[in-house]
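The chain is numbered in sequence order, starting from 1. Ligands are counted one by one from 1 in listed order, and the atoms in each one are counted from 1 as well.
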Amino acid sequence: MKRTHYSKDITPEMNGDAVIVSGWVHEIRDFGGLAFLILRDRAGLVQVTMPKKKVPKEIIDTVKGLSRESVVSIGGTVKAEAKAPNGYELIPTEIEVLSIAETPLPLDPTGKVPAELDTRLDARFMDIRSPEVTAIFTIRAHMIKAVRDFLSANGCLEIATPKIVATATEGGTALFPISYFDREAFLNQSPQLYKQMMMAAGMDRVYEIGPIFRAEEHATRKHLNEATSIDVELSFATHEDAMILLENTIAYVYNYVKEHCASQLKVLNIDLQVPKTPFRRVPYTEAVEIAKTSPECAHLELGDDLDTAAEHVIGETIGEHYFIVDWPTNIRAFYSQAYDDRPEVCKAFDLMHPRMELSSGAQREHRVDKLIKNLEDRDLNPDSFKFYLDSFRYGMPPHAGWGLGAERLLQTMLNLNNVREAVLFPRDRVRITP
Ligand code: ATP
Ligand code: AMO
């Protein structure tokens with residue numbers, strides 16, 4: 001039997017048509033003279049209705065012998081029925097049993113028996129069957145497509161850079177060392193050095209959507225050890241150009257998801273509000289002042305990095321997406337460019353959602369002598385960055401860019417409690433399977 005339709009593609013107007021659907025046994029209800037099988041596919045549910053008088057006994061017996069979550073194909077006739085979930089039901093004429101599910105199930109994919117996130121992640125293949133989780137990953141796929149469409153329409157070329165690398169780029173978060181023949185190597189923390197080298201290569205505007213690895217030791221609701229970064233780098237551009245592209249990317253993604261994922265948003269009970277652009281630019285000094293209005297952040301001093309508590313106070317005060325700009329030079333990465341007339345402040349920015357940081361970026365230091373000084377000021381050895389520095393010696397345009405965490409973008413858009421819910425198979429300190 002070959003599937004003809006997904007559940008959502010069948011409508012009451014198809015009354016009388018013959019169709020074949022395939023999927024999982026979501027539920028069986030038996031009322032003696034009348035039995036129902038609710039079949040679930042990726043797109044939703046189909047009510048298969050079996051009045052004893054109208055449906056062959058073999059089919060009813062087969063259905064009654066099925067365990068929940070078994071896989072079947074069912075052929076039948078569409079019948080318009082206002083009381084059924086999508087305004088139609090299916091009266092079966094054929095059934096093929098493709099896989100019998102063992103019992104008991106590791107999880108209840110109907111969600112009627114709630115489970116802890118850890119239990120869900122242990123049986124992730126089953127967890128993803130639930131309509132809510134299917135909706136999250138359907139939206140994730142659309143979100144990534146929207147990013148690709150938008151960046152490519154804005155003249156960015158997609159690139160792929162190595163994930164096995166020789167150096168750190170993001171001080172602070174630790175590296176994962178790997179065994180690489182007889183040499184020291186690491187998993188990449190960011191495509192930072194490589195996307196910048198593409199500016200020297202003349203690629204002009206590039207983006208990459210790929211994995212980044214961070215050996216974060218702590219367990220939080222917003223840190224993963226393997227995350228997906230959406231990276232952009234733009235030549236002949238300033239940090240302001242980069243921020244404009246970033247806020248427009250966010251707005252485009254929200255609009256796209258609102259338009260293309262209405263049914264998934266409904267499953268998740270989300271009334272998606274598209275953030276208004278331009279986002280407010282809050283200078284770092286003002287951000288510190290806002291944070292210090294809370295006793296929890298009274299200890300904060302100018303020059304400190306903004307911790308999670310400060311992010312929360314500022315986020316609650318501003319209440320929508322915003323940028324923090326003009327950071328102290330010495331707490332930002334070496335590749336950020338300082339203002340020439342006030343070198344203690346740099347052209348770096350963070351894009352914030354009221355709940356957390358979504359993205360970091362900057363105008364980059366493209367003058368090699370100043371870049372080497374930046375490395376030395378941070379006790380980094382320029383020799384370790386030779387391959388990178390060389391690309392600045394023979395014609396490097398001014399450039400700017402950003403890195404945006406895909407999981408945090410999805411987490412904040414769908415108001416997910418834990419960033420792990422935005423990854424199929426999250427990696428954290430304790431989890432490397434499944
Ligand atoms: P960046 O690496 O650019 O700071 P981030 O988003 O990982 O980005 P934040 O989430 O803003 O950083 O957190 C700020 C700092 O606090 C980070 O160094 C982070 O690793 C650390 N941090 C966050 N939550 C915790 C926690 N619960 N325990 C310990 N450290 C934490
Ligand atoms: P940064 O280190 O701020 O900047 O990372 C950019 C964005 O990536 C996401 N992110 C994470 N998401 C989940 N778990 C993690 N452990 C994690 N670490 C980072 C966040 C963060 O805002 N090279 C710069 C970017 C640039 O300047 O272009 C960088 O990596 O959403």
Side-chain angles (χ1 to χ4, degrees), residues 143 147 151 156 159 161 163 165 167-176 187-199 205-235 237-239 241-243 245-246 249-250 253 305-306 308 311 315 321-325 327 331-337 346-353 355-366 374 388 399-413 416 418-423 426-429 431:
M143 174 187 91
V147 169
L151 293 177
C156 300
I159 58 168
T161 63
K163 304 307 158 205
V165 298
T167 54
T169 54
E170 310 309 315
T173 48
L175 282 161
F176 283 113
L187 295 176
N188 92 118
Q189 291 176 309
S190 156
Q192 185 66 34
L193 306 185
Y194 293 92
K195 63 178 180 173
Q196 286 193 260
M197 286 164 69
M198 287 307 101
M199 303 299 98
R205 293 161 79 87
V206 300
Y207 75 99
E208 175 163 8
I209 302 176
I212 57 168
F213 304 90
R214 309 261 173 129
E216 316 258 8
E217 289 279 351
H218 45 269
T220 77
R221 288 183 297 173
K222 61 177 183 177
H223 287 96
L224 294 161
N225 293 112
E226 179 175 354
T228 308
S229 182
I230 301 164
D231 273 275
V232 161
E233 205 63 30
L234 310 169
S235 284
T238 64
H239 55 302
D241 295 325
M243 284 191 278
L245 185 64
L246 177 52
T249 303
I250 303 288
V253 166
D305 204 352
L306 300 174
T308 303
E311 279 182 15
H321 288 78
Y322 60 101
F323 285 106
I324 303 179
V325 299
W327 287 76
I331 59 170
R332 298 298 295 211
F334 66 85
Y335 46 75
S336 314
Q337 185 178 78
C346 72
K347 302 175 193 172
F349 57 84
D350 276 0
L351 168 66
M352 309 298 297
H353 176 276
R355 279 179 73 187
M356 70 186 78
E357 175 198 310
L358 293 183
S359 172
S360 291
Q363 168 100 46
R364 319 302 189 183
E365 183 50 76
H366 66 284
N374 285 355
Y388 166 73
H399 58 280
W402 41 263
L404 166 66
E407 288 80 13
R408 289 188 185 180
L409 177 59
L410 189 65
Q411 180 186 7
T412 51
M413 182 162 59
L416 305 174
N418 194 311
V419 70
R420 289 165 183 74
E421 294 176 72
V423 197
R427 292 291 173 255
D428 60 32
R429 243 184 91 82
R431 185 175 288 282

For [Y], is there any backbone N or O sitting under 3.5 Å from a side-chain donor or acceptor partner on [X]?
{"X": "D350", "Y": "M352", "value": "no"}
{"X": "S359", "Y": "G403", "value": "yes"}
{"X": "R214", "Y": "L224", "value": "no"}
{"X": "R408", "Y": "K222", "value": "yes"}

Any side-chain heavy atom of [X] sitting closer than 4.5 Å to one from [Y]?
{"X": "R364", "Y": "Q192", "value": "yes"}
{"X": "C156", "Y": "L234", "value": "yes"}
{"X": "I250", "Y": "L404", "value": "yes"}

Counting heavy atoms only, which of [options] is nearest [atom]?
{"atom": "atom 8 (O) of ligand 2", "options": "G405, A333, G401", "result": "G405"}
{"atom": "atom 24 (C) of ligand 2", "options": "F213, Y335, W402", "result": "Y335"}
{"atom": "atom 5 (O) of ligand 2", "options": "Q189, E170, R214, E407", "result": "R214"}
{"atom": "atom 6 (C) of ligand 2", "options": "P426, A227, G403", "result": "G403"}

Charged N-O contact under 4.0 Å between K163 and E208 =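 Salt bridge flag = yes for E208 with K163.
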
Within the 4.0 Å heavy-atom shell around [X], which atoms of ligand 2 are there?
{"X": "K222", "answer": "13 (C), 14 (N)"}
{"X": "L358", "answer": "20 (C), 21 (C), 22 (O), 31 (O)"}
{"X": "G361", "answer": "27 (O)"}
{"X": "K195", "answer": "26 (C), 28 (O)"}
{"X": "S190", "answer": "23 (N), 30 (O)"}
{"X": "E216", "answer": "16 (N)"}
{"X": "S359", "answer": "22 (O)"}

Test of proximity, [X] against ligand 2: N or O pairs below 3.5 Å:
{"X": "H223", "value": "no"}
{"X": "L224", "value": "yes"}
{"X": "Q192", "value": "yes"}
{"X": "E357", "value": "yes"}

So which heavy atom on A400 is nearest to which on H239, and how close?
->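 Smallest interatomic distance, heavy atoms only, reads CB-N, 3.8 Å.
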
Going by heavy atoms, is R364 under 4.0 Å from ligand 2?
->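 Contact check R364 vs ligand 2: positive.
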
Is there a ring pair (Phe, Tyr, Trp, His ring centres under 6.0 Å) between F323 and F349 once you walk through the steps?
-> CA-CA 6 Å; F323 285 106; F349 57 84; 5.8 Å; yes

